[in-house]
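Some notes on the structure that comes next.
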Protein chains: 2
Amino acid sequence: MTHFRPSMSLIATRLGVSVASVSNALAGKGRVSPELAGRIREVAAEVGYVPRMAGRALRTGRSQVLGLVLPDIANPLFPQIAQAIESAAAAAGYGILIADSRNDVATQTQVIGRLLERGVDGVAIVLRRGTRVADIGIPVAVIDSPSTPGNTVSADHWQGGQLVMEHLLSLGHRKILIVGNNPASNVQNDRIGGMRSCLGAEVHSEVIWVEKIEAAHGKGCALGLADYARRGFTACATVSDLTALRALTEVLGAGIAVPEAMSVTGFDDLVWSAVVRPSLTTLQMDMATIATVAVEALVAAIGTDSGPRGPVRPLPGRPDRVPMRLIARQSTARPDAANAQPAHPVPARTGPNQNDSNGGFPT
Amino acid sequence: MTHFRPSMSLIATRLGVSVASVSNALAGKGRVSPELAGRIREVAAEVGYVPRMAGRALRTGRSQVLGLVLPDIANPLFPQIAQAIESAAAAAGYGILIADSRNDVATQTQVIGRLLERGVDGVAIVLRRGTRVADIGIPVAVIDSPSTPGNTVSADHWQGGQLVMEHLLSLGHRKILIVGNNPASNVQNDRIGGMRSCLGAEVHSEVIWVEKIEAAHGKGCALGLADYARRGFTACATVSDLTALRALTEVLGAGIAVPEAMSVTGFDDLVWSAVVRPSLTTLQMDMATIATVAVEALVAAIGTDSGPRGPVRPLPGRPDRVPMRLIARQSTARPDAANAQPAHPVPARTGPNQNDSNGGFPT
DNA sequence: AAATCGAGATTAAACGTTTAATCAACTTTT
DNA sequence: AAAAGTTGATTAAACGTTTAATCTCGATTT
């Protein structure tokens with residue numbers, strides 16, 4: 001039972017009119033009498049007409065498809081981005097073609113080429129670190145960090161850093177460890193920069209980088225956080241939930257109570273943040289807004305025939321950096337000298353976590 | 001500087017030949033002399049010709065694009081699937097259009113409709129729990145669980161359950177807690193079924209379900225694992241890394257040493273499994289193979305004009321369930337009575353984790 | 001009554017590609 | 001030497017849509 005897909009001409013012959021009238025009626029353009037338009041819509045619904053994008057694309061030169069190129073699909077941040085972009089694009093009538101640049105500059109240009117062959121009207125790209133996006137003849141929205149040249153829109157990582165640091169300071173922390181991952185990342189440097197911009201003379205802080213420690217002691221080695229705890233550090237502000245998780249488990253395993261003896265914060269509100277125990281205080285990007293700004297900018301550039309064919313700017317009135325939001329959960333609290341090295345309380349069946357917006361992910 | 005994209009006719013007029021010859025030469029079909037073909041390819045490269053898919057799609061009725069519909073893009077398992085499918089599809093010359101069904105049956109059919117409008121040649125679908133895929137007139141590859149009717153290919157979750165249980169038994173565990181999440185999931189039931197199929201009379205096991213506990217005590221509540229530890233359970237086999245992570249942090253927070261006093265296992269080898277401390281013993285799906293089987297089956301069905309327009313079967317010789325692989329890391333060990341309730345050792349800067357294949361995810 | 005206008009429809013071309021059908025010029029077979 | 005076959009190329013149609021240009025009436029203006 002082979003599905004026959006009706007075309008405009010089917011509707012046209014059924015009604016004894018021209019395909020042009022059908023096209024005009026369905027598109028609401030041109031001149032077609034209300035009654036005829038009505039009959040056409042009727043028959044269209046009746047036969048289950050659905051426009052063939054291929055024909056439209058060929059004629060108009062627009063595919064109604066955007067490319068989404070990511071440095072590494074396996075990055076745990078990807079789902080958020082993809083979901084937000086897909087949603088924003090769908091709302092604007094666009095589909096999303098994905099491409100994985102596998103953290104490689106060569107493949108990045110190669111996959112962009114494949115997207116172009118497929119005729120995407122524009123591409124949203126999360127930059128591989130240190131890459132510059134070449135001129136590819138169609139609008140490009142870059143999502144990385146405000147300090148990246150050519151960036152279209154991104155989260156305000158600096159402000160996020162400030163937010164988390166203010167949170168820790170207001171809780172009374174005065175010796176704070178900042179844990180970065182890779183010093184070459186614009187995003188991470190922004191976040192740490194924001195954190196440090198809040199520090200007064202009364203607070204002591206140190207910055208350590210995971211990749212440097214790993215270079216010395218091997219991948220997956222301990223970060224030596226117990227030492228910092230002994231030296232009086234009461235908070236550990238990391239630059240990503242993944243690092244926070246690593247820190248959290250290391251600290252817990254060393255018998256240091258979280259958050260009583262050591263507060264831990266992350267970044268990005270990844271899936272597990274709400275699930276671990278204690279649940280993780282972290283910062284959430286407003287991906288919906290970021291994606292909307294990016295997609296709006298793209299479709300605007302696509303719409304204007306002489307718009308920018310290359311990096312694109314947010315529409316007037318739209319931000320190029322969108323504020324992050326602090327999600328305070330269980331892993332941060334006032335530093336409690338009494339509990340500094342506590343016996344281990346048996347966790348009771350406590351109430352629900354704060355801000356638990358995780359949907360209990362099934363497999 | 002507006003990018004002009006040359007078409008076949010440009011090449012044709014340049015050489016004073018017909019477009020048909022250009023098409024034939026570039027496609028390697030039809031009859032065209034070797035020298036002319038050579039000159040055509042030469043000019044094509046010279047002007048930077050890249051075929052316009054829209055034209056081809058219109059003529060052939062094939063878009064060279066597959067749809068990938070996921071129940072929830074935000075699921076942490078998605079990156080693996082998307083990456084594998086994208087990769088397999090790209091190798092077969094197909095692009096991937098993504099769609100998010102938001103865990104809703106209505107939206108699922110709706111997004112599938114949008115994919116059809118876009119003219120996808122086939123779709124790979126990760127089923128929303130309990131859904132049946134309707135007849136949509138194009139080949140469909142279903143990726144869920146061997147026990148799902150209509151399933152095309154998936155991991156062998158049952159065998160995975162056996163693998164992890166054999167691992168625990170061979171380490172000497174005899175009181176084992178099995179932690180499921182949602183009893184309605186085919187996947188989870190397969191995994192637990194596999195686990196229990198290995199149990200002899202000499203081993204005691206209990207099964208608990210997170211969602212049931214949460215229904216009683218609220219979201220994010222403790223699972224009461226410390227009690228099980230006190231009752232002599234030495235291993236906790238979960239049905240997903242997310243649950244394992246929850247268990248791990250709860251156990252660590254209760255001052256129970258992992259793996260000395262309690263071994264913990266997960267499923268799926270999600271990103272954080274290698275990062276937490278102790279790193280998580282888990283089971284890895286062979287996504288590359290799964291994706292390859294699915295894509296191969298799809299393109300085969302697309303290729304044959306009278307192939308199945310609906311759920312598709314693996315090609316002859318290809319498996320419909322692909323074995324899982326045990327990734328043994330630090331979170332499992334022999335149950336050690338001496339260390340059952342140990343003092344907390346300060347974690348030294350130990351060497352690298354086993355099987356650490358995590359790429360240090362940046363943000 | 002002729003010219004103008006406008007609404008409502010049609011014609012026809014165009015987008016870029018593939019492919020069946022055709023044709024012209026040789027080469028081989030009878 | 002005519003018939004048949006082969007090779008290398010061209011013609012032309014087709015896919016489904018959009019859109020500029022055109023056409024036909026009937027109504028309004030001169």
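All chains are named by letter (A, B, ...) in the order of the sequence lines, taking the proteins before the strands, and each is independently numbered beginning at 1.
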Sugar-phosphate, base or nothing in reach of A/Ser21, heavy atoms under 4.0 Å: base
Span of DNA chain C in contact with chain A (heavy atoms, under 4.0 Å): C/dA7 to C/dG16
Residue met sooner reading DNA chain D from 5', once A/Ala20 and A/Arg31 are mapped to nucleotides: A/Ala20
Electrostatic pair B/Glu46:B/Arg14 at N-O distance under 4.0 angstrom: yes
Under 3.5 Å: donor-acceptor pair, side chain of B/Arg59, backbone of B/Ala54: no
Student check: side-chain heavy atoms of B/Val140 and B/Val312 closer than 4.5 Å: no
Nucleotide D/dA9, atom C1' - distance to CD of B/Glu35 in whole Å: 12 Å
Sugar-phosphate only, base, or nothing, as touched by A/Ser23 at under 4.0 Å among non-hydrogen atoms: base
A/Asp121/A/Ser63 under side chain to side chain donor-acceptor pair (under 3.5 Å): CA gap, chis, key distance, verdict: CA-CA 6 Å; A/Asp121 295 336; A/Ser63 62; 3.3 Å; yes
Test log, rule side chain to side chain donor-acceptor pair (under 3.5 Å), inputs A/Arg102 and B/Ser87: CA-CA 10 Å; A/Arg102 299 166 188 291; B/Ser87 176; 3.2 Å; yes
Euclidean distance, atom NZ of residue B/Lys29 to atom P of D/dA9 [Å, nearest integer]: 18 Å
Which residue lies more 5' along DNA chain C, comparing A/Val17 with B/Val50 via nearest heavy atoms: A/Val17
Side-chain touch A/Arg5/A/Val50, heavy atoms, less than 4.5 angstrom: yes
Closest-nucleotide ordering on DNA chain C, the 5'-leading residue of A/Gly16 and B/Thr60: A/Gly16
